[in-house]
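Report on the following structure.
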Amino acid sequence: MYSCGPTVYNYVHLGNLRAYVFVDLLKRYLQYSGYKIKHVMNVTDVDDKTIRDSQKAGKTLKEFTQLYEKEFIKDLGLMNIQMPDVMPRATDYISEMVKIIKKLEKKGLAYRADGSVYFKISKSKKYGELAGLEKQSLKENAEGRLNAADEYKKEDVNDFVLWKGWREEDGNAYWDTEIGRGRPGWHIECSAMSIKNLSETFDIHCGGEDLIFPHHTNEIAQSEGATGEKFVNYWLHNAHLLVNGQKMSKSLGNFYTLRDIMDKGYNPLLLRIILLKTHYRHVADFSFDNFTEAKSIAERFVNFLFSLDSIKEKGKNKQNVKRLISDCEKRFDKAMDDDLNVSEALAAVFDFMNEVNKSLNTLNVDQAKDVKDFILKIDGVFGFIENIYGDYLAKLKQKIKTTEIDRLLKEREEARNDRDFKKSDELRDEIQAIGFLIEDAKSGTVIKLKDWQ
Ligand code: AMP
Ligand code: ZN
């Protein structure tokens with residue numbers, strides 16, 4: 001599996017993160033289903049923007065891009081996105097790119113003009129098939145997209161650049177190669193890195209839907225042109241994350257980064273819930289109100305796991321927990337097999353939790369463990385439950401350590417034993433005032449955290 005990674009000239013925004021969370025979900029679900037995955041995600045560390053902004057910052061291209069690459073990897077960790085098996089940098093694959101370009105030239109699929117090399121799309125019979133483009137609309141589309149940086153000397157406006165000949169404004173961002181001094185075009189980077197790290201044909205290629213044309217369209221044309229083999233078996237594209245109906249993007253300035261979210265006090269995993277909740281092929285509108293629902297989802301899981309962990313005795317074993325688990329598992333798998341239908345899969349898990357909750361106090365320790373193990377197995381796909389629960393427990397422990405809760409609980413216990421209910425109620429109020437919830441269960445008093453998110 002190959003997924004297009006970030007161009008490292010800035011922090012990634014939440015729209016980008018939607019693309020990476022989607023790939024992570026797909027990968028985790030395939031692993032859960034028994035597939036072995038080799039996942040490659042590139043880092044684009046040379047293009048017009050990285051060159052322009054590194055110059056502005058007075059840094060070398062490498063110094064500049066490595067800074068944002070590091071931040072990107074941090075963001076993946078915060079979102080509990082599994083690291084790819086290979087994370088190639090474009091600048092480490094220049095010779096592979098040159099090899100592909102030379103092959104294309106040899107086959108008459110590429111030509112040189114003004115020190116640059118272009119792909120000749122009129123020679124590519126299936127060009128545009130992925131995007132469902134007719135030649136006419138293709139032409140209009142391409143003309144619409146032409147920008148100053150792309151205006152090299154092409155024979156046809158649709159031809160795209162494989163190799164950009166050096167120009168003064170590129171400064172020292174160049175490579176001297178057999179095809180001249182310059183730097184690669186964006187599309188050839190992904191062909192070279194995917195073929196080298198996977199193979200000429202591989203199974204899955206992902207990216208946001210804005211990449212279908214021209215990026216992935218061009219990747220197919222140049223890869224298949226060079227190898228003569230089918231490039232990719234399955235393409236999966238995520239729809240966009242919008243803000244007020246517009247695509248979240250750096251150029252529109254309507255973006256938030258993970259830092260913005262965390263500065264407002266939100267756990268990044270709540271964002272993971274928000275991004276997972278909308279089906280990957282549907283557009284999703286981002287607003288801070290989304291966090292309310294995400295918090296309530298997190299809370300349901302935390303309460304459920306906490307209740308399971310609180311079961312200490314052997315209950316009467318009334319529920320057929322194993323059957324509930326296997327029914328839920330079937331429903332979960334069916335939903336996820338249906339093009340990753342996360343909301344149906346989540347509904348299956350919530351229904352299951354409701355069933356278990358109905359007679360929670362009759363569960364014994366072993367059943368509680370079976371239920372918890374099942375939730376954690378599901379979380380191998382969702383990737384937020386265990387971490388949020390861990391966060392909750394850490395906060396609870398910290399609060400117990402830094403407050404007088406132990407003394408208050410002891411006094412309340414004594415008051416209850418003395419049947420001094422007025423005092424016991426006062427102590428309950430005091431306990432709640434310092435941020436705990438208190439529940440008197442059969443097996444004893446349980447304290448939970450109030451307002452922990
Ligand atoms: P870029 O760094 O712009 O090349 O984008 C990196 C990845 O994020 C690509 O897969 C894009 O398609 C994806 N992407 C960019 N903006 C959005 C957005 N607003 N919503 C969803 N995905 C996006
Ligand atoms: Zn790419």
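Both ligands and their constituent atoms are indexed starting at 1 by order of listing. These numbers come from the heavy atoms of this one structure, side chains and all, not from hydrogens, waters or symmetry mates. Small disclaimer: the values here were computed from a predicted structure and weren't measured.
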**Request:** Just need the protein heavy atom nearest to atom 13 (C) of ligand 1, so name the residue and atom and give the distance.
**Result:** A19 CB, 3.8 Å
**Request:** Assess K264 against F288: is NZ or CZ under 6.0 Å from the centre of the six-membered ring, and within 45 degrees of the ring's axis?
**Result:** yes
**Request:** Record the part of L242 in heavy-atom contact with ligand 1 below 4.0 Å; permitted values are side chain, backbone, both and neither.
**Result:** neither
**Message:** Taking backbone and side chain together, does H216 place any N/O/S atom at a distance below 2.8 Å from the Zn ion (ligand 2)?
**Reply:** no
**Request:** State, to the nearest 10 degrees, the angle whose vertex is the Zn ion (ligand 2) and whose arms point to SG of C190 and NE2 of H215.
**Result:** 110°
**Request:** Answer with yes or no whether the side chains of Y32 and D333 bring together a donor and an acceptor at under 3.5 Å.
**Result:** yes
**Item:** Sub-4.0 Å heavy-atom approach of C206 to ligand 1
**Value:** no
**Prompt:** Which residue holds the protein heavy atom closest to atom 4 (O) of ligand 1, what is that atom called, and what is the gap in Å?
**Reply:** T7 OG1, 3.9 Å
**Numbered atoms of ligand 1 (with element) below 4.0 Å of G207, judged on heavy atoms** = 10 (O)
**Request:** Tell me which part of K250 gets within contact of ligand 1: side chain, backbone, both or neither, using heavy atoms under 4.0 Å.
**Result:** neither
**Message:** Could you tell me if T7 and D47 have a donor-acceptor pair between their side chains, going purely by distance under 3.5 Å?
**Reply:** no
**Asked** So which heavy atom in the protein is nearest atom 10 (O) of ligand 1, and how far is it from that ligand atom?
**Response** G208 N, 3.0 Å
**Fill in**
The protein heavy atom nearest to atom 11 (C) of ligand 1 is D210 OD1, 3.6 Å
**Prompt:** Should D156 and K120 count as an ion pair when the cut-off is N to O under 4.0 Å?
**Reply:** no
**Request:** May I ask you to list the atoms of ligand 1 that are less than 4.0 angstrom from any heavy atom of A239?
**Result:** 21 (C)
**Asked** Can an N or O of R18 be found at a distance shorter than 3.5 Å from an N or O of ligand 1?
**Response** no
**Message:** Test of understanding: given a 4.0 Å heavy-atom threshold, classify the contact between N16 and ligand 1 as side chain, backbone, both, or neither.
**Reply:** both
**Complete:** Between H187 and the options H216, H215, E219, Q222, the side-chain hydrogen bond (donor to acceptor under 3.5 Å, both in side chains) test singles out H215
**Message:** Any donor-acceptor pair under 3.5 Å linking the side-chain atoms of Y29 with those of D24?
**Reply:** no
**Message:** Is there a polar contact, in the sense of an N or O pair closer than 3.5 Å, between L241 and ligand 1?
**Reply:** yes
**Request:** Considering only non-hydrogen protein atoms, determine which one is nearest to atom 7 (C) of ligand 1 and report residue, atom name and distance to 0.1 Å.
**Result:** Y20 OH, 3.6 Å
**Fill in**
Ranked by distance from atom 9 (C) of ligand 1, the top protein heavy atom is L211 CD1, 3.7 Å
**Prompt:** Which one holds for S3 and ligand 1: side chain close, backbone close, both close, or neither close, with close meaning a heavy atom under 4.0 Å?
**Reply:** neither
**Request:** Measure from NZ or CZ of R183 to the centre of the six-membered ring of Y174, then state whether that distance is under 6.0 Å and the direction lies within 45° of the axis.
**Result:** no
**Message:** If you apply the rule ring pair (Phe, Tyr, Trp, His ring centres under 6.0 Å), what do you find for Y20 with F72, and how did you get there?
**Reply:** CA-CA 11 Å; Y20 307 127; F72 173 63; 5.2 Å; yes
**Prompt:** Relative to the heavy atoms of N238, which atoms of ligand 1 are at a distance of less than 4.0 Å?
**Reply:** 21 (C), 22 (N)
**Message:** Whether the Y127 and N218 side chains hold a donor-acceptor pair (N or O, under 3.5 Å, no angle test) is what I'd like checked.
**Reply:** yes
**Prompt:** Taking the six-membered ring where the residue is Trp, are the ring centres of Y2 and F231 under 6.0 Å apart?
**Reply:** no
**Asked** Are a donor atom and an acceptor atom from the side chains of N303 and Y389 found within less than 3.5 Å of each other?
**Response** no
**Complete:** atom 19 (N) of ligand 1 has as its nearest protein heavy atom M248 O, 2.8 Å
**Message:** Whether the D210 and H240 side chains hold a donor-acceptor pair (N or O, under 3.5 Å, no angle test) is what I'd like checked.
**Reply:** yes
**Fill in**
In this structure, atom 18 (C) of ligand 1 is nearest to the protein heavy atom G15 CA, 3.5 Å
